Amino acid sequence: MQEYSALSLFKNAFTSHKKWQPAWRKATPKKVYDAIIIGGGGHGLATGYYLAKNHGIKNVAVLERGWIGGGNTGRNTTVIRSNYFYPESVALYDLALRLYEGLSKELNYNVMLSQRGMLIGAHTPMQMEICQRIANAMQLNGVDGELMGAEEARERVPLYNSNEDARYELMGGIWQGRAGVARHDAVAWGYARAASDMGVDIVEGCEVYDIIMKNGRITGVETNLGSIQTENIGIAAAGATPSLTQMVGVDLPIHTYALQAFVSEPVKPCLDTVILALGTGTYVSQSDKGELVFGGGLDRVPTHGQKGNLPVQEEVISGLLEMFPAFGQLKLLRQWGGVVDVVPDSSPVIGPVGPDGLFINCGWGTGGFKAIPAGGWLLAHLLATGEHHEISRPFDLCRFAEGRLIDEAAGSGIAH
Amino acid sequence: MQHFPCPFCGVRDETEFHFVVEAGKPRPEPAKDVSDDQWATYLHLGKAHRGKAKEIWLHQTCGLYFLMNRNTVTREIISSEYLPEAEE
Ligand SMILES: Cc1cc2nc3c(=O)[nH]c(=O)nc-3n(C[C@H](O)[C@H](O)[C@H](O)COP(=O)(O)OP(=O)(O)OC[C@H]3O[C@@H](n4cnc5c(N)ncnc54)[C@H](O)[C@@H]3O)c2cc1C
Ligand SMILES: [Zn+2]
């Protein structure tokens with residue numbers, strides 16, 4: 001693998017940057033693999049990487065029907081945080097955050113993690129009480145999180161509407177200093193490059209049509225590039241996961257909805273944290289290019305179409321303008337939607353399902369970008385050992401029959 | 001903005017409607033014979049159909065629960081009709 005450094009950048013300048021190697025090999029599928037991962041989003045690619053790195057299993061393919069990162073991994077608003085409510089969730093998301101903190105170095109690929117902090121802003125005394133409760137839970141769970149008062153919050157986000165007639169006056173909220181954003185494509189490409197370097201085949205343009213099993217055990221997959229044998233499959237296909245598990249007769253607690261993102265024209269630096277207002281449901285950050293990147297809640301109609309709908313656009317944009325009237329001057333540059341896999345308790349589903357050798361990692365819904373390193377780590381563990389890691393065990397599908405839901409929508413009160 | 005047809009009110013804005021559940025999931029009875037797995041299946045598991053789907057929707061403004069056939073990829077509405085019980 002070609003090392004990326006200031007020196008290599010300098011050297012390649014002499015050849016007008018025309019001699020860079022492709023970051024990952026274009027692979028054509030072999031006949032047999034020790035493990036196959038369906039879905040080349042962040043979770044699938046990270047799974048390939050950790051299978052090779054943590055478990056020495058390198059005869060692995062990641063099959064992606066489109067191009068890697070073309071699903072939600074390349075469509076999200078890149079907010080990373082671990083301020084959840086339940087201990088199970090904090091263990092999961094903080095594992096991800098800790099791995100993110102060392103990721104650029106580990107992958108020799110700059111994922112542009114920017115820990116600029118995140119404020120979840122309250123505008124009523126009741127919301128402040130909820131924030132207090134979550135901040136307490138975070139501290140009990142051992143992650144950085146604190147209650148922030150009105151004055152400090154307004155100093156952090158000076159453009160926030162503090163007029164007398166402001167509908168959503170900022171009373172303070174929960175602050176997590178380690179939260180922030182990262183570059184979504186870089187996460188996908190960095191994992192792909194490092195995995196490919198260790199021998200993992202990244203196969204783009206390869207759609208899985210069918211999952212084959214025999215005597216209760218996985219034996220392979222059928223794809224547009226032919227049939228491939230394997231005894232172990234990990235599915236990390238977000239909204240497409242239910243249709244894949246239905247091939248072996250397994251239904252999942254997943255509904256698919258569109259989630260939208262919006263980007264404004266670029267402006268000079270004016271917002272140096274991530275902020276979500278509980279009152280409007282809109283959240284926003286500023287990208288390195290200067291664009292405001294923002295989003296809000298789910299579209300209301302279950303769908304598999306990767307596009308957004310107008311009523312939610314109106315809600316999100318009006319929310320943003322209540323928070324930052326000054327942003328009303330900006331033009332909207334782009335808007336798009338991704339199909340997210342929503343679970344009743346807003347927590348992922350990780351673990352074995354159906355025939356022996358089949359494992360899933362899905363249900364991240366509106367908030368799985370922040371979890372990519374952990375999702376990959378845990379699915380790799382399942383594929384390599386056949387057993388749960390202690391962090392993934394609570395997220396097994398059996399929690400629905402056991403009535404042991406991890407209800408983060410109710411717990412942390414935040415959809416993302 | 002998408003428009004949905006309520007069998008009683010006619011075509012209305014999507015914001016008046018609420019998705020309830022995929023159709024064809026009878027509640028398992030009698031309760032004493034229902035295992036945890038069967039109950040979880042009824043309560044939580046589904047198909048998340050890609051393409052043609054048959055679903056129960058609520059028109060919140062008039063309170064009618066009804067059946068809608070639609071395509072979840074193209075957003076085409078194929079038909080909407082009263083639930084069998086609501087016919088008379
Ligand atoms: C608008 C928007 C904003 C978001 N904002 C945030 C945020 O700020 N923070 C955050 O943490 N999360 C956010 N998310 C959620 C996050 O993007 C997802 O949870 C995460 O990217 C899921 O990653 P994944 O690898 O599981 O899925 P994906 O990246 O969707 O990858 C799944 C892949 O599987 C492939 N696939 C599907 N079926 C098949 C098949 N049959 N054969 C082969 N390949 C197949 C798909 O093509 C796709 O590339 C947001 C999502 C959206 C849509
Ligand atoms: Zn009606």
Side-chain angles (χ1 to χ4, degrees), chain A residues 65 207 209 237-247 249-258 297-315 337 339-347 349 353-354 362-363 365 396-405 407, chain B residues 1-6 11-28 31 33-61 65-80:
Chain A
R65 69 177 169 199
E207 176 161 6
Y209 293 147
T241 307
S243 55
L244 285 160
T245 59
Q246 278 160 36
M247 294 168 184
V250 175
D251 287 345
L252 295 177
I254 286 182
H255 291 292
T256 56
Y257 287 92
L298 290 169
D299 279 16
R300 308 168 44 82
V301 181
T303 184
H304 286 269
Q306 285 176 312
K307 62 180 175 191
N309 217 351
L310 285 168
V312 170
Q313 287 180 21
E314 193 176 341
E315 202 176 303
V339 175
V340 294
D341 39 349
V342 177
V343 179
D345 62 355
S346 301
S347 287
V349 183
V353 293
C362 61
D396 193 279
L397 184 61
C398 72
R399 73 176 185 268
F400 292 93
E402 291 170 2
R404 200 178 28 74
L405 305 191
D407 197 344
Chain B
M1 173 85 70
Q2 204 176 357
H3 293 153
F4 290 143
C6 166
V11 173
R12 310 285 300 182
D13 283 353
E14 67 167 274
T15 50
E16 294 181 3
F17 294 84
H18 182 69
F19 166 75
V20 181
V21 69
E22 292 166 3
K25 272 174 88 175
R27 179 183 166 122
D33 297 337
V34 178
S35 70
D36 290 349
D37 274 330
Q38 283 170 311
W39 185 247
T41 302
Y42 166 68
L43 211 55
H44 296 297
L45 303 192
K47 304 277 181 206
H49 295 283
R50 188 187 157 82
K52 280 190 185 147
K54 190 173 192 176
E55 299 161 336
I56 297 174
W57 281 73
L58 168 64
H59 188 204
Q60 289 165 308
T61 44
Y65 287 84
F66 65 98
L67 264 178
M68 185 151 69
N69 284 292
R70 62 181 190 108
N71 186 312
T72 62
V73 180
T74 63
R75 298 180 188 228
E76 177 198 1
I77 308 293
I78 299 158
S79 67
S80 80

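Just so you know, these numbers come straight off a predicted model, no measurement behind them. Just so it is clear: chains get the letters A, B, ... in the order the sequence lines come, proteins before strands, and each one is counted from 1.
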query: For the side chain of B/N71 and the backbone of B/T74, is there at least one donor-acceptor N/O pair under 3.5 Å apart?
result: yes
Max heavy-atom pairs within cutoff under 4.5 Å with chain B, candidates A/K307, A/Q313, A/E402, goes to A/K307
Of the listed A/P311, A/A240, A/C398, A/G403, the one with the largest count of heavy-atom pairs under 4.5 Å with chain B is A/P311
Tested for side chain to side chain contact (heavy atoms under 4.5 Å, CB included) against A/V349, the lone hit among A/L397, A/T245, A/D396, A/D341 is A/L397
Scored by heavy-atom pairs under 4.5 Å with chain B, the best of A/T303, A/V343, A/I254, A/V339 is A/T303
Assert top hit (heavy-atom pairs under 4.5 Å, partner chain B, pool A/T256, A/V312, A/N309) equals A/N309
Ranking A/V301, A/L310, A/D251 by heavy-atom pairs under 4.5 Å to chain B gives rank one to A/D251
So, the part of B/F4 with a heavy atom under 4.5 Å from chain A: the answer is side chain
Would you say the side chain of B/W57 lies within less than 4.5 Å of the side chain of B/H18, judging by non-hydrogen atoms?
-> no
With chain A, the option among B/H44, B/Q38, B/M1, B/Q2 that has the most non-hydrogen atom pairs under 4.5 Å is B/H44
inquiry  = Under a 4.0 Å threshold between the charged nitrogen and the carboxylate oxygen, would B/E14 count as salt-bridged to A/R300?
reply    = no
In sequence, state the C-alpha distance, the side-chain angles, and the governing distance for B/E76 and B/R70, and then conclude on salt bridge (charged side-chain N to carboxylate O under 4.0 Å, His left out). CA-CA 6 Å; B/E76 177 198 1; B/R70 62 181 190 108; over 6 Å; no
Whatever's closer than 4.5 Å to a heavy atom in chain B on A/P344 counts as side chain
Mind checking whether B/E55 and B/T72 have side chains closer than 4.5 Å, heavy atoms only?
yes
In terms of heavy-atom pairs under 4.5 Å with chain A, the winner among B/G46, B/G51, B/A40, B/S35 is B/G46
Practice prompt. Assess whether atom NZ of B/K52 is packed by more than 12 heavy atoms of other residues, nucleotides or ligands within 6.0 Å.
Written response: no
Chain A shares the most heavy-atom pairs under 4.5 Å, among B/L45, B/T15, B/L43, B/V73, with B/L45
Whether the B/H49 and B/E22 side chains hold a donor-acceptor pair (N or O, under 3.5 Å, no angle test) is what I'd like checked.
no
Answer key: most heavy-atom pairs under 4.5 Å with chain B among A/H304, A/H255, A/Q306 is A/H304
